[in-house]
Amino acid sequence: MDLSGLNEPQREAVLHTEGALLVLAGAGSGKTRVITCRIAYLLQSVAAQQIVALTFTNKAAKEMRDRVIEQVGRKSAKGLIVSTFHSLGVRILRQEIERLGYKRNFSIYSASDQLRLVRDHVQGRLLGQGGGVDPDRVLWLISQAKNALLGPEDYQPSSRDEYEIITAEVYPRYQRSLKACNAIDFDDILLLTIRLFQQFSEVLDHYRQQFRYMMVDEYQDTNVVQYKMLKMLSSKHHNLCVVGDDDQSIYGWRGAQPGNILDFGKDFDGARVIKLEQNYRSTGNILAAANALIVHNKDRHGKRLWTADEDGADVVYRCCDDGEDEAMAVVETIHRERFRHQLEYRDFAILYRTNGQSRAFEEQLRYENIPYVLIGGQQFFDRKEVKDALAYLKVLSNSRDEVNLLRILNYPKRGIGETSAERLIQASVQSEEPLWEVLRNLDLVADLGDKPIQAIRDFVELMERYRRRFSQPGQLVNVAQELFRELKLEEELYRQADDPQKARRRVENLHEVVNAISSYVDREPVATLGSFLEKVSLLDRDEPTRGSKEEKLKQDAVVLMSLHSSKGLEFPCVFLVGFEEGSLPHSKILEEGDDVSEERRLCYVGMTRARQQLMLLGAARRKKYGKLQPRQASRFLEEIPEQLLEKEQAGLREADPEEQESMASNFFSGINDILK
């Protein structure tokens with residue numbers, strides 16, 4: 001087998017086949033090539049059925065299998081297992097699950113099936129404050145328990161958390177209901193595989209005898225259950241090769257355990273460590289900046305990326321006036337660099353910490369007629385919480401907008417149920433009156449109860465009161481903010497979400513609606529609710545490049561995505577935006593006093609997506625619920641040596657000299673105070 005195309009550490013990783021091996025593969029270091037070459041090398045002397053390669057997505061597994069077949073041929077690869085953890089679990093369960101009291105033809109419940117089952121078990125239950133139990137949140141807690149290897153009998157609730165107490169009661173019943181239907185859920189796939197191995201040693205002996213060589217990609221993303229499965233299956237031959245990068249461990253929020261890769265040498269005796277540090281993606285200056293940043297994380301394997309290519313351009317940092325100026329700076333740079341270097345739109349990526357940050361960039365790109373695609377999220381004005389908020393504004397602007405009127409009639413819930421809504425619609429049809437007029441004149445409606453009647457009257461009074469307020473000039477932002485506050489939309493978003501992180505993201509989107517109104521008011525000499533909604537309608541057109549992530553990336557369009565979604569991708573030019581305290585690192589981490597190590601790794605991932613040009617952008621002021629507030633530069637800026645940065649500062653618009661000086665000071669001084 002020809003290994004001449006590999007560098008020395010890559011070749012060592014391919015040839016080291018016996019014993020535990022940790023391949024620390026830095027960003028852009030050719031790890032997939034190493035894994036596939038290692039499999040091909042093993043196939044020269046080992047039966048394909050004895051080799052297992054595991055990864056996290058079906059797409060990655062298919063790509064890995066295809067590359068192996070390309071090297072050795074389909075016949076030699078026959079019987080080779082290249083799959084996700086869960087696909088391997090299903091393979092084992094289909095053969096062995098009868099030992100656990102299930103039939104082999106078990107069903108795997110979809111998310112909607114799971115939710116329906118949990119809903120049946122929580123129906124009628126009330127929380128201490130009298131509200132109903134959210135089944136999504138209970139299901140999320142059950143999933144978290146399973147991924148921590150906690151069965152119903154092991155789950156211990158916190159005495160202070162009502163949802164954990166309810167989950168402790170529902171979890172055993174949920175599991176019994178699944179089994180009664182000869183069904184399992186997605187999380188059961190690995191949990192029950194572990195149970196099989198623990199309770200039936202002969203099953204474990206069979207599979208660990210068969211799986212002589214095991215390989216795992218993206219090992220830093222493994223959770224408790226996956227680690228346990230690997231530990232058990234490799235315990236006979238000890239030929240476990242894991243490939244990953246602790247510096248790219250960014251999924252702690254969904255259960256990944258960075259300790260799995262950090263402690264590999266302790267967990268697997270005699271493990272060898274090989275570092276892949278030569279980078280084939282980025283320029284020297286980009287790598288130097290990324291190295292300087294990540295070295296500030298304490299718990300990590302020492303590693304320093306380098307390239308044989310040239311240093312390239314400096315990393316650019318730009319302090320913008322505000323969020324709108326930041327978006328304009330990005331678009332201006334795209335125009336300039338596209339023509340200067342003959343680039344396509346797809347060569348540019350805008351990366352942000354949360355999807356709520358996309359709004360200003362979407363608007364500016366559309367104003368400039370620049371095509372773009374969003375990866376891993378909906379367009380801003382397509383998001384449910386945004387559409388709900390805008391529905392109120394649309395009805396206030398046009399009471400005959402019955403689609404949006406029906407959308408908000410019982411949102412948030414106010415006691416106007418489906419039966420009442422049907423009677424209102426029927427009365428509108430029979431009387432040939434607009435639905436809004438029916439709401440104002442309930443004598444037209446038969447058989448409405450006292451509670452719906454009062455709820456409708458309160459709703460009409462609220463809408464008419466705010467319609468009058470929106471007609472007053474110069475109050476657009478304040479009135480919208482007060483409307484959303486009176487409706488308690490934030491509280492409703494937290495109530496609906498199955499986990500706090502999802503709720504926080506939705507609340508940020510709600511805040512961005514107010515920021516969008518404020519930005520519109522700043523730009524327009526005469527700003528009215530109707531003209532704002534007209535602008536939104538022009539922006540709110542179908543995305544021209546819908547489809548899968550792969551299909552979108554093939555389009556000639558600027559790519560917008562979160563830092564989490566960017567992992568594994570690369571672009572000639574990357575804009576890492578929102579480079580401020582509260583954005584990166586995120587405010588949630590700072591408020592809760594958590595370690596910022598994962599936020600720093602997330603920043604590192606974003607930086608190492610860039611091949612030739614990397615631009616970091618932040619704002620000296622940013623709107624929060626429509627009001628400009630000063631911002632401080634991200635502490636990560638101070639961790640990048642000044643000689644690697646080309647610093648730019650945009651002029652502060654509409655600010656007096658003292659304010660300009662203060663804003664600039666927030667960025668270029670006082671970092672030590674942040675770090676204390």
Side-chain angles (χ1 to χ4, degrees), residues 1-46 50-56 60 64 67-68 71 82 211-222 226-227 230-231 233-235 237-249 256-282 287 290-291 294-295 297 299-308 567-568 601 604-605 608:
M1 182 178 176
D2 183 14
L3 302 180
S4 59
L6 303 177
N7 63 38
E8 188 56 34
Q10 289 174 333
R11 192 177 301 111
E12 287 179 29
V14 168
L15 297 177
H16 182 92
T17 59
E18 302 301 313
L21 172 66
L22 168 60
V23 180
L24 285 172
S29 62
K31 68 180 179 65
T32 304
R33 186 180 187 189
V34 169
I35 295 171
T36 54
C37 284
R38 193 172 189 273
I39 295 172
Y41 180 77
L42 284 169
L43 285 171
Q44 294 181 139
S45 57
V46 177
Q50 293 185 306
I51 302 173
V52 177
L54 299 174
T55 187
F56 283 85
M64 193 182 297
R67 289 176 68 168
V68 171
Q71 293 184 64
V82 182
F211 300 154
R212 184 177 166 193
Y213 294 93
M214 299 194 70
M215 278 168 277
V216 183
D217 190 18
E218 304 287 6
Y219 185 66
Q220 76 280 349
D221 296 336
T222 53
Q226 291 155 344
Y227 165 80
L230 291 170
K231 184 81 171 172
L233 285 172
S234 64
S235 59
H237 297 293
H238 307 290
N239 296 328
L240 175 63
C241 169
V242 301
V243 182
D245 182 5
D246 51 305
D247 290 335
Q248 296 187 72
S249 179
Q257 297 289 320
N260 291 350
I261 193 168
L262 292 173
D263 297 332
F264 187 82
K266 300 176 185 175
D267 295 338
F268 297 90
D269 291 338
R272 184 175 177 188
V273 178
I274 296 176
K275 300 178 182 180
L276 305 183
E277 298 173 294
Q278 184 173 359
N279 177 281
Y280 296 93
R281 175 190 300 159
S282 305
L287 295 179
N291 286 331
I294 201 63
V295 77
N297 273 3
D299 295 325
R300 63 183 293 265
H301 291 287
K303 182 172 72 279
R304 190 170 187 84
L305 298 181
W306 62 277
T307 179
K567 189 168 178 288
R601 291 195 290 268
Y604 174 83
V605 165
T608 53

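Numbering starts at 1 and runs along the sequence shown.
Residues Cys241 and Arg38 come closest through the heavy atom pair CB-NH1, 3.4 Å.
Contacts of Asp247 classified as side-chain hydrogen bond (donor to acceptor under 3.5 Å, both in side chains), with partners at least two apart in sequence or in another chain: Arg300, Lys303. Evaluation of the side chain to side chain contact (heavy atoms under 4.5 Å, CB included) rule for Arg33 yields Leu6, Cys37, Arg67 as partners, not counting sequence neighbours. For Glu8, the salt bridge (Lys or Arg N to Asp or Glu O under 4.0 Å) partners two or more places apart in sequence, or in a different chain, are Arg11. Residues forming a side-chain hydrogen bond (donor to acceptor under 3.5 Å, both in side chains) with Asp267 (at least two apart in sequence, or on another chain): Tyr227. Remark: Glu277 pairs with no residue by the side-chain hydrogen bond (donor to acceptor under 3.5 Å, both in side chains) rule, at least two apart or across chains. Applying the side chain to side chain contact (heavy atoms under 4.5 Å, CB included) rule to His301 yields the partners Leu22, Leu24, Asp246, Leu262; only residues at least two apart in sequence or on another chain are considered.
The closest side-chain donor-acceptor pair between Ser29 and Asn279, if any, does not fall under 3.5 angstrom. One side chain, Glu18 or Tyr213, offers a donor N or O that lies under 3.5 Å from an acceptor on the other.
The side-chain heavy atoms of His237 and Phe211, taken from C-beta on, include no pair separated by under 4.5 Å. Residues Thr17 and Asn239 form no side-chain contact, since every pair of their non-hydrogen atoms from C-beta on lies 4.5 Å or further apart. Contact check for Tyr219 versus Asp245: no side-chain heavy atoms found under the 4.5 Å cut-off. Within the 4.5 Å cutoff, the side chain of Met215 has no heavy atoms near those of the Val52 side chain.
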